[in-house]
Number of protein chains: 2
Amino acid sequence: MVKISDVAREAGVSVATVSRALNNLDTVRPDLAEQVHRAAAQLGYRPNTLARNLRKQSTLVWALIISDIENPFFTAVARGVEDTAQQNGYSVMLCNSDEEPEKESRYLSVAGQDRVAGVILSPHSASTNVSALGRIPLVVIDRTLNAPFDVVLVRSRLGAQQATKHLLDEGWQRPACITGPRDAETATERSAGYLQALEGTGIEPQVQYQRFRSAEGAQATAELLDGENPPDSFFIGNASLALGVLAELAKRGLRPGVDVGLISFDDAPWAPFINPPISVVAQPAYDIGVQAAQLLVQRIAHSGPQAPREVNLATTLVVRESSQRNSH
Amino acid sequence: MVKISDVAREAGVSVATVSRALNNLDTVRPDLAEQVHRAAAQLGYRPNTLARNLRKQSTLVWALIISDIENPFFTAVARGVEDTAQQNGYSVMLCNSDEEPEKESRYLSVAGQDRVAGVILSPHSASTNVSALGRIPLVVIDRTLNAPFDVVLVRSRLGAQQATKHLLDEGWQRPACITGPRDAETATERSAGYLQALEGTGIEPQVQYQRFRSAEGAQATAELLDGENPPDSFFIGNASLALGVLAELAKRGLRPGVDVGLISFDDAPWAPFINPPISVVAQPAYDIGVQAAQLLVQRIAHSGPQAPREVNLATTLVVRESSQRNSH
DNA sequence: TTGTAAGCGTTATCAT
DNA sequence: ATGATAACGCTTACAA
């Protein structure tokens with residue numbers, strides 16, 4: 001393996017000059033720099049990242065710790081992070097905490113140990129302990145933390161309110177809300193928006209808090225429909241829940257967009273293609289990733305203490321057929 | 001930051017002994033080892049991964065380079081790889097090549113540069129150049145490479161044949177095949193299985209080669225249905241295509257499982273939940289990840305030249321409603 | 001502007 | 001079984 005001293009010999013300069021030239025430090029004479037670059041190219045020199053890391057006590061790698069890699073929302077976020085990282089010379093190590101606190105803390109610990117340059121985290125809970133990171137810059141996404149860090153959020157509540165209002169505007173009379181567990185901020189923000197939309201309408205709110213999974217969506221739907229005051233439409237807190245709702249409705253022969261109204265959070269890949277196409281509240285997932293990455297780049301650059309920043313992004317109401325009346 | 005020499009002083013031994021004790025090399029007296037561990041714990045010693053990497057010229061990180069992070073198949077693979085890596089003390093850096101050769105080669109280059117301990121790759125094409133990896137162990141998945149490496153594959157052709165035969169057994173008369181582009185091995189293997197199933201039946205095969213995307217699935221369906229010999233059923237090469245097919249069928253008022261038969265490769269999360277539930281050829285995606293990871297662990301352990309191994313996994317036919325006649 | 005040399009914190013070799 | 005000590009390949013004071 002050709003190293004820096006080989007390049008130095010070939011170029012007839014010292015290793016320090018080679019290092020400076022290769023890192024484009026403008027304290028080196030242009031012609032010498034040129035000479036060094038030629039020598040490096042000729043010998044096929046590849047800097048040894050490992051040595052560089054040890055010397056600088058840091059790497060050019062980010063850790064992106066997300067809570068569910070099988071959720072299309074997070075994969076879109078990941079693409080945003082990755083593209084932006086790339087542009088800034090970083091690689092990203094994608095870690096899937098699978099909503100398990102132990103996995104999450106192990107990844108946090110590995111990130112600290114490996115001296116990654118920065119971390120982007122969608123925390124399992126607001127009380128997630130990030131002390132293992134030491135002074136490594138951190139950006140939080142999707143949910144807030146009980147500590148002052150840069151964070152990128154979406155206005156979930158507003159999106160939920162708009163979706164529910166849309167249901168009402170379409171003429172549905174009794175919308176219900178099926179969302180995630182009470183201890184998930186994303187879940188409660190969405191039900192809060194739903195409740196806001198119902199304020200002053202005289203409609204009695206019905207909210208089901210379940211885990212963000214298909215089976216639970218089906219079960220919640222069944223309970224609501226079998227209840228005293230069966231809803232005629234649904235605002236659903238995420239795409240997995242929506243699948244379960246759809247299955248239960250199909251089982252009962254209830255057609256979305258005709259017999260029942262339906263709108264869901266998150267624009268899953270399947271939403272536009274199934275029958276009928278599903279109306280959704282789309283989150284700017286890719287952009288969340290980009291914004292978080294940009295905050296991280298800045299945080300790394302100005303490593304001094306700096307007030308935490310918060311970025312809030314808007315959702316988009318995408319009206320397809322499932323939320324309309326008599327669309328068939 | 002407390003380092004190995006601090007532990008050495010605290011324990012009253014040399015740094016060499018500390019290193020040996022901490023790495024559980026049984027060449028150290030038990031009581032001394034005990035003493036070292038206590039000292040390390042007391043001081044809160046955390047080994048510096050960066051120094052270790054430089055010294056060993058390798059890391060405890062794998063690169064997993066997949067071609068599409070938004071494809072549920074690959075995310076399931078990723079989970080299998082990650083869990084197994086974890087168990088063996090490795091972290092995994094997930095890289096999304098997005099089917100772009102340039103991204104793929106950049107990741108290959110970063111992996112080589114960063115001296116990762118091993119790489120698992122779903123190559124964009126059979127001629128992907130992996131020379132940037134040097135002697136870093138490599139395991140290939142999903143598609144083969146024009147070079148002798150360990151590989152984990154699925155018996156796609158057999159799965160496709162079974163699916164098509166199932167369509168025939170259900171009484172469908174003219175199944176068509178919609179699959180990926182001709183230069184994708186996974187695509188052609190699936191059409192090959194379809195063709196095999198039709199051999200000797202007197203049925204005229206109809207195959208559409210398209211990109212693995214929803215829009216193309218819709219278009220192919222339209223072309224087939226508007227053709228001279230419209231099919232009465234479809235064997236579809238992957239889940240994205242299937243979404244497009246479903247959309248086109250809905251547009252024409254054709255109901256899967258009643259007016260038309262339908263079975264698709266890949267058990268997407270939405271497949272069981274939509275109306276009607278979709279029959280599929282399920283790939284053992286998680287297990288592919290596990291197997292690939294295990295091959296990699298072994299390859300790393302026995303770094304000497306060793307004959308490449310090939311693991312072939314079977315698909316599972318999952319019959320739901322879309323492939324049946326008169327299921328309603 | 002350039003060169004010399006001192007680390008960065010381990011692991012591994014070689015004596016003892 | 002243990003201890004000194006030389007790498008690993010780079011970056012960066014400090015000196016010139």
Qualifying salt bridge (charged side-chain N to carboxylate O under 4.0 Å, His left out) pairs with a residue from [range], counting only residues at least two apart or across chains:
range                       : result
residues 286-299 of chain B : D150(B)-R299(B)
residues 118-145 of chain B : E99(B)-R143(B)
residues 80-96 of chain A   : D83(A)-K103(B)

Table please: side-chain donor-acceptor pairs of residues 304-311 of chain B below 3.5 Å, with sequence neighbours left out.
residue	atom	partner	partner atom	Å
R309(B)	NH1	Q298(B)	OE1	3.0
R309(B)	NH2	Q298(B)	OE1	2.6
E310(B)	OE2	N312(B)	ND2	3.0

Those residues that, when tested against N48(B), pass side chain to side chain contact (heavy atoms under 4.5 Å, CB included) (two or more places apart)
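In terms of side chain to side chain contact (heavy atoms under 4.5 Å, CB included), with neighbours along the sequence ignored, N48(B) is linked to Q57(A), R115(A), L50(B), A51(B).
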Going by side chain to side chain contact (heavy atoms under 4.5 Å, CB included), name the residues that satisfy it together with R52(A), two or more places apart in sequence or in a different chain.
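Counting only residues at least two positions away or on another chain, R52(A) forms a side chain to side chain contact (heavy atoms under 4.5 Å, CB included) with K56(A), L60(A).
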Mind running a 4.0 Å heavy-atom check of residues 42-57 of chain A against DNA chain C and sending the residues that fall below it, in number order?
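DNA chain C contact set from residues 42-57 of chain A: L54(A), R55(A), Q57(A).
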So, using ring pair (Phe, Tyr, Trp, His ring centres under 6.0 Å) as the criterion, who are the partners of Y45(B) when residues are at least two apart?
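Partners of Y45(B) by the ring pair (Phe, Tyr, Trp, His ring centres under 6.0 Å) criterion come out as none, since no residue qualifies.
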Looking only at the side chains, is there a donor atom on one of Q294(B) and T84(B) sitting less than 3.5 Å from an acceptor on the other?
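The answer is no; no qualifying pair exists.
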First and last nucleotide of DNA chain C in contact with chain A, 5' to 3', at under 4.0 Å to a heavy atom: what are they?
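First and last nucleotides in contact are dT1(C) to dG9(C).
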Restricting to nitrogen or oxygen on both sides, can you table the protein-nucleotides 1-4 of chain D pairs closer than 3.5 Å?
residue	atom	partner	partner atom	Å
dT2(D)	OP1	R29(B)	NH1	3.2
dT2(D)	OP2	R29(B)	N	2.6
dG3(D)	OP2	S14(B)	N	3.0
dG3(D)	OP2	S14(B)	OG	3.1
dG3(D)	OP2	T17(B)	OG1	2.5
dG3(D)	N7	R20(B)	NH2	2.7
dG3(D)	O6	R20(B)	NH1	3.4

Which atoms form the tightest heavy-atom contact between [X] and [Y], and what is the distance?
X       : Y       : answer
I141(A) : P123(A) : O-CD, 3.6 Å
S109(B) : A132(B) : CA-CB, 4.0 Å
L133(A) : L108(A) : CD2-O, 3.6 Å

For residues 2-10 of chain B, tabulate all N or O donor-acceptor pairs below 3.5 Å that involve a side-chain atom, not counting sequence neighbours.
residue	atom	partner	partner atom	Å
D6(B)	OD1	R9(B)	NH2	3.3
D6(B)	OD2	K3(B)	N	2.8

Which whole-number value in Å describes the distance from I4(A) CD1 to dC8(D) C1'?
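To the nearest whole Å, that distance equals 14 Å.
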Angle, rounded to 10°, between the helical axes spanning five pairs at each terminus of the helix from dT1(C)-dA16(D) to dT16(C)-dA1(D)?
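One end axis against the other gives 40°.
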